[in-house]
Amino acid sequence: MLNEPRSGRLAAWGNALLAGLVSPDEAAHRIADDDAVHRVEGLPGEEAPVGLTLALGRLRVLGAKGLRVALPVPGHPLGLCGPPEFNARALEAEEAVLAAGAGLGLVPEAYEAGPEGSAAPDVHVEVVWRCLPVREGPPADVPSLGEAERELAEALRDATELLSKLDVAGAGPVAQAALEAYRARAEAGRQVLAPGYPPRAVRVLELAQRVGALIDIAQQAGGDGREHGSAVSSSEIAARAEALRPVERTARRAQVAAYNSAVEERERHRG
């Protein structure tokens with residue numbers, strides 16, 4: 001959960017574009033981030049894959065009033081509303097974007113490209129967003145920002161308490177790298193959400209990412225402060241995963257609430 005979902009960037013900057021707060025080029029640049037290129041395939045009216053700038057404009061023409069995020073996992077179809085074909089693709093990717101008002105959804109597929117045997121700096125990522133019909137309806141299990149914030153406060157206490165029990169303060173290199181990656185991102189002063197989002201959404205998303213970082217660390221560290229190894233039995237690993245599951249679920253729900261808040265607020269004002 002340390003990595004920002006691509007669906008989150010697409011929804012956040014797509015919503016800023018739909019609200020007229022950023023230019024199409026800036027939105028496309030922010031969505032792509034470190035990826036080499038993003039294309040959208042299956043967009044109505046387009047026979048071939050198109051770039052993000054054209055795709056976002058086409059979605060507006062097709063009636064999109066806002067973009068929502070789904071972060072489903074098996075057993076928890078968070079943010080989805082059908083049909084089964086779209087849900088299955090979204091579950092496989094564990095993320096998707098729904099274009100409210102257009103009856104369309106987008107699921108990312110990422111591919112690494114580069115010369116065979118090339119080192120990491122020579123490898124670049126290409127993303128194809130598959131566009132499919134979706135049902136218009138309330139997304140599954142998405143809380144309000146207020147609910148998400150209250151749930152996160154409890155989840156943070158639970159995650160911190162679990163880390164203390166696991167003695168993760170002296171965790172091994174993998175867990176420490178996860179913690180340092182989170183701290184570096186926080187200290188870089190990155191823009192967590194695009195223009196147009198309420199301050200509370202920024203606060204909720206930052207807290208959800210912090211909880212996600214703690215979950216990653218707890219999953220990687222062994223009971224003796226090291227990564228999983230002979231000192232941790234399979235039953236202990238399973239018990240830890242079970243203990244972390246509700247905390248992870250809360251953090252995902254909060255992420256979706258934060259990303260979707262711009263659309264929810266716009267609909268409240270229209271209503």
Side-chain angles (χ1 to χ4, degrees), residues 1-19 21-22 27 30-31 33 65-73 76-81 90 94-98 100 138-163 178-179 181-218 244-269 271:
M1 288 190 62
L2 278 168
N3 295 323
E4 181 183 30
R6 291 185 173 91
S7 56
R9 294 201 303 269
L10 176 57
W13 290 96
N15 282 328
L17 175 62
L18 292 172
L21 299 173
V22 298
R30 295 282 194 161
I31 294 165
D33 197 41
K65 301 295 190 296
L67 303 178
R68 289 188 172 96
V69 169
L71 297 177
V73 295
H76 188 206
L78 175 62
L80 297 178
C81 52
E94 296 191 353
E95 61 176 310
V97 172
L98 291 79
D141 198 36
V142 178
S144 68
L145 273 178
E147 291 171 327
E149 194 167 32
R150 288 191 295 273
E151 291 173 0
L152 273 174
E154 296 178 10
L156 183 59
R157 286 195 298 271
D158 292 344
T160 303
E161 183 179 334
L162 182 57
L163 285 172
L179 181 58
Y182 172 77
R183 286 173 176 162
R185 277 188 16 214
E187 291 169 2
R190 75 197 190 287
Q191 189 165 359
V192 177
L193 281 170
Y197 277 83
R200 190 176 204 176
V202 176
R203 188 167 67 245
V204 166
L205 184 56
E206 285 179 327
L207 185 54
Q209 290 172 345
R210 183 181 174 192
V211 171
L214 292 174
I215 292 169
D216 280 358
I217 293 165
L244 287 169
R245 190 168 292 117
V247 180
E248 187 273 340
R249 182 186 182 107
T250 297
R252 276 190 303 107
R253 291 179 80 236
Q255 282 194 35
V256 172
Y259 285 124
N260 293 3
S261 61
V263 181
E264 308 303 340
E265 193 152 302
R266 211 172 299 149
E267 289 185 348
R268 275 198 301 273
H269 289 320

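- Contact record, Pro143 with Ala148: CG-CB, 4.1 Å, taken as the closest heavy-atom pair.
- Looking at every heavy atom in both residues, Pro195 comes nearest to Ala16 through O-CB, 3.6 Å.
- Between Leu98 and Cys81 the shortest side-chain heavy-atom distance falls below 4.5 Å.
- In terms of heavy atoms, Val247 sits closest to Ala155 at CG1-O, 3.7 Å.
- Listed for the Arg266 side chain is a donor-acceptor partner under 3.5 Å among the backbone atoms of Lys65.
- Atoms CZ and CG, from Arg249 and Leu71 in turn, are 13.0 Å apart once rounded to the nearest 0.5 Å.
- Formation of a donor-acceptor pair under 3.5 Å by the Glu147 side chain with backbone atoms of Ser144 is found in this model.
- Side-chain polar atoms of Tyr259 and Asn15 form no donor-acceptor pair below 3.5 angstrom.
- The CG atom of Leu152 sits 12.0 Å away from atom CD of Glu206, with the distance rounded to the nearest 0.5 Å.
- To the nearest 0.5 Å, atom OG1 of residue Thr250 and atom CD of residue Gln255 are 12.0 Å apart.
- Taking CG of Leu18 as the reference point, atom CH2 of Trp13 lies at 13.5 Å (rounded to 0.5 Å).
- Without hydrogens or angle criteria, Asn260 side chain to Val69 main chain gives a donor-acceptor distance under 3.5 Å.
- Closest approach of Ala258 and Ser261 over heavy atoms only: O-OG, 2.7 Å.
- Annotation for Ala90 and Ala96: closest pair CB-CB, 3.8 Å, computed over non-hydrogen atoms.
- Annotation: side chain of Glu149 is in contact with side chain of Arg203 (closest heavy-atom distance under 4.5 Å).
- Taken from CD in Glu4 to CG in Leu193, the straight-line distance is 8.0 Å, to the nearest 0.5 Å.
- Looking at Glu95, its side chain does come within 3.5 Å of a backbone N or O of Arg6 through a donor-acceptor pair.
- Side-chain atoms of His76 and Arg253 form no donor-acceptor pair, as typed in the model, at a separation below 3.5 Å.
- The minimum heavy-atom distance linking Pro198 with Leu145 is given by the pair CG-CD1, 4.2 Å.
- For the pair Asp33 and Arg9, the minimum side-chain heavy-atom distance is below 4.5 Å.
- Counting heavy atoms from C-beta on, the side chains of Pro139 and Leu80 never come closer than 4.5 Å.
- Taking 4.0 Å as the cut-off between side-chain N and carboxylate O, Glu248 and Arg252 count as a salt-bridged pair.
- Between Val73 and Leu78, every side-chain heavy-atom pair lies at or beyond the 4.5 Å cut-off.
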(message) I'd like to know whether Arg157 forms a side-chain contact (heavy atoms from CB on, under 4.5 Å) with Glu154, so could you lay out the CA-CA distance, the side-chain angles of the two residues, the decisive distance to 0.1 Å, and finally the verdict.
(response) CA-CA 5 Å; Arg157 286 195 298 271; Glu154 296 178 10; 3.2 Å; yes
